[in-house]
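These values consider heavy atoms only, across backbone and side chains, with no hydrogens, waters or symmetry-generated copies. Chain letters run A, B, ... following the sequence lines, proteins first, then strands; residues in each count from 1.
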Amino acid sequence: MIQKEFYLKDDVVQIAKDLLGKELVTNSNGKISSGSIVETEAYAGIIDKASHAYGGKFTKRTQTMYLEGGTTYVYLCYGIHSLFNIVTNKSGIPHAVLIRAVQPLKGIDTMFERRPESKSERNLANGPGSLSKALGIKTIHNELQLDSKQIWLEEGLKIKNEKIIASPRVGVAYAKEDALLPYRFRIKDNPFCSLAK
DNA sequence: CAGCAGATTGACT
DNA sequence: GTCAATCTGCTGC
């Protein structure tokens with residue numbers, strides 16, 4: 001299990017990189033499933049136009065991002081998809097890392113049951129909405145601690161720096177100049193990354 | 001209070 | 001390639 005100190009660091013971009021290769025485990029409805037994180041995006045709080053908390057915006061939805069690092073932030077996108085984020089930094093600073101894709105490890109049968117539309121392991125959790133559904137993450141999992149019995153992270157694999165690809169984030173064109181920041185991180189040559197360009 | 005756009009995905013033309 | 005699904009929050013009447 002990852003120690004809480006890991007999430008409290010003040011460099012959200014570094015944490016986004018460090019999260020690659022770690023194992024995300026959920027225990028939803030009594031069924032355990034997990035995947036190795038292969039793609040993340042950093043959202044740097046009030047100075048980042050792509051972040052929900054840009055400019056210190058505080059709503060019922062975004063209040064979760066202001067909590068202490070190591071808290072889960074799950075929100076509904078397009079009214080349909082639960083997107084899973086990990087809050088970082090100290091309480092009061094709204095930093096978060098979006099988990100965009102995982103490579104299925106444990107409970108793969110359970111994941112297929114949750115996503116009958118998926119045809120292969122490759123597209124079981126290769127997107128932020130897909131991964132949440134595959135692991136059974138819903139908005140009721142918002143504001144949980146990552147050391148709870150329902151959702152947590154394991155150390156997993158160590159990813160070398162040269163295996164990490166940095167690129168602009170996806171679907172945030174409205175963020176103007178901040179949309180170009182290389183805050184998206186992927187594992188090189190990993191086929192389980194999201195399809196997004 | 002109506003209208004619209006979004007950190008997306010899957011079904012259908 | 002195109003489009004509907006449908007919740008949250010912002011803008012403007």
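- Ionic pairing of A:Asp48 and A:Arg169 is present here: one or more N-O contacts between side-chain nitrogen and carboxylate oxygen are shorter than 4.0 angstrom.
- A:Ile46 forms part of a hydrophobic cluster together with A:Ile47, judged by ILVMFWY side-chain heavy-atom separations under 4.5 Å.
- A:Ser130 comes within 4.0 angstrom of the backbone, heavy atoms only, and of no base.
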Could you pull out all donor-acceptor pairs under 3.5 Å where a side-chain atom in residues 50-58 of chain A meets a protein atom, sequence neighbours excluded?
{"residue": "A:Ser51", "atom": "OG", "partner": "A:Ala53", "partner atom": "N", "Å": "3.0"}
{"residue": "A:His52", "atom": "ND1", "partner": "A:Tyr73", "partner atom": "OH", "Å": "2.9"}

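- As a whole-Å value, the separation of A:Tyr54 OH from B:dG6 P is 17 Å.
- Atom CG of A:Asn85 and atom P of B:dT8 are 11 Å apart (whole Å).
- For A:Ser82, there are no side chain to side chain donor-acceptor pair (under 3.5 Å) partners at least two apart in sequence or on another chain.
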Can you tabulate the close N/O pairs, meaning under 3.5 Å, that link protein atoms to atoms of nucleotides 2-5 of chain B?
none

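- The main-chain N or O of A:Leu135 is found under 3.5 Å from a side-chain atom of A:Thr26 such that the two form a donor-acceptor pair.
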Between protein and nucleotides 6-12 of chain C, what N or O pairs are separated by less than 3.5 Å?
{"residue": "C:dT6", "atom": "O2", "partner": "A:Tyr78", "partner atom": "O", "Å": "3.0"}
{"residue": "C:dG9", "atom": "OP1", "partner": "A:Thr59", "partner atom": "OG1", "Å": "3.1"}
{"residue": "C:dG9", "atom": "OP1", "partner": "A:Arg61", "partner atom": "N", "Å": "2.6"}

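- A:Tyr78 meets the side chain to side chain contact (heavy atoms under 4.5 Å, CB included) test with no other residue; sequence neighbours excluded.
- Taking 4.5 Å as the limit, every side-chain heavy atom of A:Glu39 sits out of range of all side-chain heavy atoms of A:Ile99.
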List, with names and distances, any nitrogen or oxygen atoms from the protein found under 3.5 Å away from nitrogen or oxygen atoms belonging to nucleotides 11-13 of chain B.
none

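- Counting only N and O atoms by type, the side chains of A:Glu23 and A:Ser36 include no donor and acceptor under 3.5 Å apart.
- The closest donor-acceptor contact from the side chain of A:Ser34 to the backbone of A:Lys106 lies under 3.5 Å.
- Partners of A:Glu113 under the salt bridge (Lys or Arg N to Asp or Glu O under 4.0 Å) rule, at least two apart in sequence or in another chain, are A:Lys31.
- When rounded to the nearest whole Å, the span between CZ of A:Phe84 and P of B:dT8 equals 16 Å.
- Using a distance-only test at 3.5 Å, with no hydrogens or angles considered, a donor-acceptor pair links the side chain of A:Asn142 to the main chain of A:Val74.
- Taking both residues in full, the closest heavy atoms of A:Tyr75 and A:Arg61 are given as CD1-NH1, 3.4 Å, listed atom of the first, atom of the second, then distance.
- Judged as a ring pair (Phe, Tyr, Trp, His ring centres under 6.0 Å), and not counting sequence neighbours, A:Tyr43 has no contacts.
- A:Ile165 is linked by a side chain to side chain contact (heavy atoms under 4.5 Å, CB included) to A:Arg186, A:Lys188, counting only residues two or more places apart in sequence or in another chain.
- Of the residues in residues 91-107 of chain A, none has a non-hydrogen atom less than 4.0 angstrom from any atom of DNA chain C.
- Taking a pair as Watson-Crick or G-U wobble with both distances under 3.5 Å, the runs of three or more consecutive pairs in DNA chain C are B:1-6 with C:7-12, B:8-12 with C:1-5.
- Salt bridge present: A:Lys22 and A:Glu155 bring a charged side-chain N and a carboxylate O closer than 4.0 Å.
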